[in-house]
2 protein chains.
Amino acid sequence: MSLMAATQQVKRRATNQGAAVKEALAAEDTFRSAQDVYATLRANGEKIGLSTVYRHLQIFVDDGLADVIHKPDGESTYRLCGDASTTHHHHLVCRSCGKAVEIEGPAVETWADKVAAQNGFTDVNHTVEIFGLCAACAA
Amino acid sequence: MSLMAATQQVKRRATNQGAAVKEALAAEDTFRSAQDVYATLRANGEKIGLSTVYRHLQIFVDDGLADVIHKPDGESTYRLCGDASTTHHHHLVCRSCGKAVEIEGPAVETWADKVAAQNGFTDVNHTVEIFGLCAACAA
DNA sequence: GTCATAATGGGAACGATTCCGAATAAGACG
DNA sequence: CGTCTTATTCGGAATCGTTCCCATTATGAC
Ligand SMILES: [Mn+2]
Ligand SMILES: [Mn+2]
Ligand SMILES: [Zn+2]
Ligand SMILES: [Zn+2]
């Protein structure tokens, strides 16, 4: 999704709110909503505002540290991706618990570009998400 | 996206509002938002309410007549798909004008199912959308 | 320490979508 | 045609996620 990581590092101040949001995300391998992260942090006694949570999540996305998936119901969910976050990849997501597995599909990438080119489309990107029930949630 | 068309035809009354919404969608090969369709109809002198537009768009989706794409900004867009709407397919969409081309990718389908199975996921489905600038909008 | 200013946060504002409920009209029946 | 049942309509209120505003706070450079 992110065509390139941060185009140009912007100087940013280190705040504990920012760290808290990152920790909350890092704690689980699931896509979580801003509201969810906010609730968790507050429940944990963290002093942080909802606006701040949204702000940091967006920063992570801009910096290529996190991926975002827009659920059908309109809610956006975020996930801190692996160290190799610079590598283009997609996700296999559990509809029930949100657990996500990073996946790659070289064939899909080339197919997408080819189809777009054949139809005269330029400046192309794509979204590919696979949803299902993880083994754990199947019970 | 639609696992199956209407599971069971529900008797529905024929209203001119419903016909108007369908015509509005059929008039263009682009994904359009409910608000957009509503504005167009009103501008055309049609007597119809926003709620009604939403209702019919959802009915089309339920009946498998239309596909829906949830834009990143949270807006849902609808498009009346070809007669062969029963056939599973995806779209190549212009980010600028919304024009959409129906595309198929058998290889992607099998790949998606395989990846899901390998990771123990069941009850799988997926979203694949390619975005770009159509030739016309490239100018 | 001081200072400039990036970051914060809570409440208002927003925009898309859904809900509600009284008014309207499709269509079955006679 | 009339009548009757009830699906449908529609506009305004209500939701809900997200963004905006801006006075207050705190980071980090000097
Ligand atoms: Mn890809
Ligand atoms: Mn597919
Ligand atoms: Zn799960
Ligand atoms: Zn275009």
Side-chain angles (χ1 to χ4, degrees), chain A residues 1 6 8-25 30-63 65-79 98, chain B residues 1 6 8-25 30-63 65-79 98:
Chain A
M1 202 47 358
Q8 167 184 180
Q9 262 309 32
V10 178
K11 68 170 178 178
R12 235 159 233 151
R13 290 183 181 175
T15 71
N16 42 23
Q17 283 93 337
V21 174
K22 182 175 291 190
E23 282 175 37
L25 272 191
T30 65
F31 274 88
R32 306 178 62 195
S33 70
Q35 309 268 358
D36 181 24
V37 170
Y38 172 66
T40 299
L41 290 175
R42 293 298 287 236
N44 252 55
E46 293 283 347
K47 184 185 181 307
I48 191 171
L50 181 57
S51 311
T52 303
V53 172
Y54 272 105
R55 191 179 314 120
H56 283 287
L57 289 176
Q58 190 51 55
I59 287 174
F60 294 156
V61 172
D62 292 342
D63 288 359
L65 292 178
D67 276 344
V68 55
I69 286 184
H70 306 283
K71 295 197 306 176
D73 64 27
E75 205 176 29
S76 293
T77 54
Y78 306 79
R79 181 185 197 264
Chain B
M1 208 41 3
Q8 165 184 180
Q9 263 309 32
V10 178
K11 70 170 178 180
R12 238 159 230 151
R13 290 183 181 174
T15 70
N16 43 24
Q17 283 93 337
V21 173
K22 182 174 290 190
E23 280 175 39
L25 272 191
T30 66
F31 274 87
R32 306 178 61 196
S33 70
Q35 307 271 357
D36 181 24
V37 170
Y38 172 67
T40 299
L41 289 175
R42 293 298 287 235
N44 252 55
E46 293 284 347
K47 183 186 180 308
I48 191 171
L50 181 56
S51 313
T52 303
V53 172
Y54 273 104
R55 190 181 320 118
H56 283 286
L57 289 177
Q58 190 52 55
I59 287 174
F60 295 156
V61 172
D62 292 342
D63 288 359
L65 293 177
D67 275 344
V68 56
I69 286 184
H70 306 282
K71 295 197 307 178
D73 64 29
E75 206 176 28
S76 293
T77 55
Y78 308 79
R79 180 186 198 268

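Just so we're on the same page: letters track the sequence lines, and every chain starts at 1. The analysis underlying the following values was restricted to heavy atoms, covering all of them including side chains, and did not include hydrogens, waters or symmetry mates.
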query = How long is the line joining OH of B:Tyr54 and C1' of C:dT17, in whole Å?
reply = 5 Å
key: Five-pair end axes of the helix from C:dG1-D:dC30 to C:dG30-D:dC1, angle between them (10°)   = 40°
ask   = Which whole-number value in Å describes the distance from B:Arg13 CZ to C:dA25 P?
value = 12 Å
task = Please state how far atom CG in B:Leu57 lies from atom P in C:dA16, giving the value in whole angstrom units.
result = 14 Å
ask   = What integer distance in Å separates A:Lys47:NZ from D:dT24:P?
value = 14 Å
key: Value in whole Å for how far the P atom of C:dT17 lies from CG of B:Asp73   = 9 Å
ask   = What residue pairs, at least two apart or across chains, pass side chain to side chain donor-acceptor pair (under 3.5 Å) with a residue in residues 44-56 of chain A?
value = A:Gln35-A:Tyr54
inquiry  = I want to check one thing: is the phosphate of C:dG15, taken as OP1 and OP2, less than 4.0 Å away from some side-chain N or O of B:Gln35?
reply    = no
note = Nearest heavy-atom contact between A:Thr77 and A:Ser33 is CG2-N, 4.0 Å
key: Distance, rounded to the nearest Å, where A:Ile48 contributes CD1 and C:dG10 contributes C1'   = 13 Å
ask   = With no angle test and no hydrogens, is the base of C:dG9 tied to the side chain of A:Arg55 by a donor-acceptor pair under 3.5 Å?
value = yes
task = Ignoring hydrogens and angles, tell me if any N or O in the side chain of B:Asp73 forms a donor-acceptor pair with the backbone of B:Glu75 under 3.5 Å.
result = yes
query = Quick one: is C:dT17 close enough that its OP1 or OP2 comes under 4.0 Å of any side-chain N or O from B:Ser76?
reply = yes
ask   = Between A:Gly49 and B:Thr77, which has a closest nucleotide on DNA chain C that is more 5'?
value = A:Gly49
message = Between C1' on D:dT8 and CD on B:Gln58, what's the gap in Å once rounded to a whole number?
response = 16 Å
note = Here the pair of heavy atoms bringing A:Leu50 nearest to A:Tyr38 is N-CE1, 3.4 Å
query = Is there a donor-acceptor contact under 3.5 Å from the side chain of B:Arg32 to the main chain of B:Ala24?
reply = yes
task = Could you check which of C:dG9, D:dT8, D:dT18 has an atom nearest any side-chain atom of B:Arg12?
result = D:dT8
remark   = Between B:Tyr78 and B:Leu25, the two heavy atoms sitting closest are O-CD2, 3.7 Å
request  = Describe the nucleic acid contact of A:His56 in one word from base, sugar-phosphate, nothing, applying a heavy-atom distance below 4.0 Å.
outcome  = sugar-phosphate
query = Among the nucleotides D:dT18, D:dC10, C:dT8, which one has an atom lying closest to any side-chain atom of B:Ser51?
reply = D:dC10
Beyond-backbone contact of B:Arg42 with B:Ile48, side-chain heavy atoms, under 4.5 angstrom = yes
task = Have a look at A:Ser33 and say if it touches a base, only the backbone sugar-phosphate, or nothing, with a 4.0 Å heavy-atom cut-off.
result = nothing
request  = Would you mind reading off the distance between A:Glu46 atom CD and C:dT8 atom C1', rounded to a whole angstrom?
outcome  = 14 Å
query = Is B:Thr15 touching bases, backbone alone, or none of the nucleic acid, heavy atoms closer than 4.0 Å?
reply = sugar-phosphate
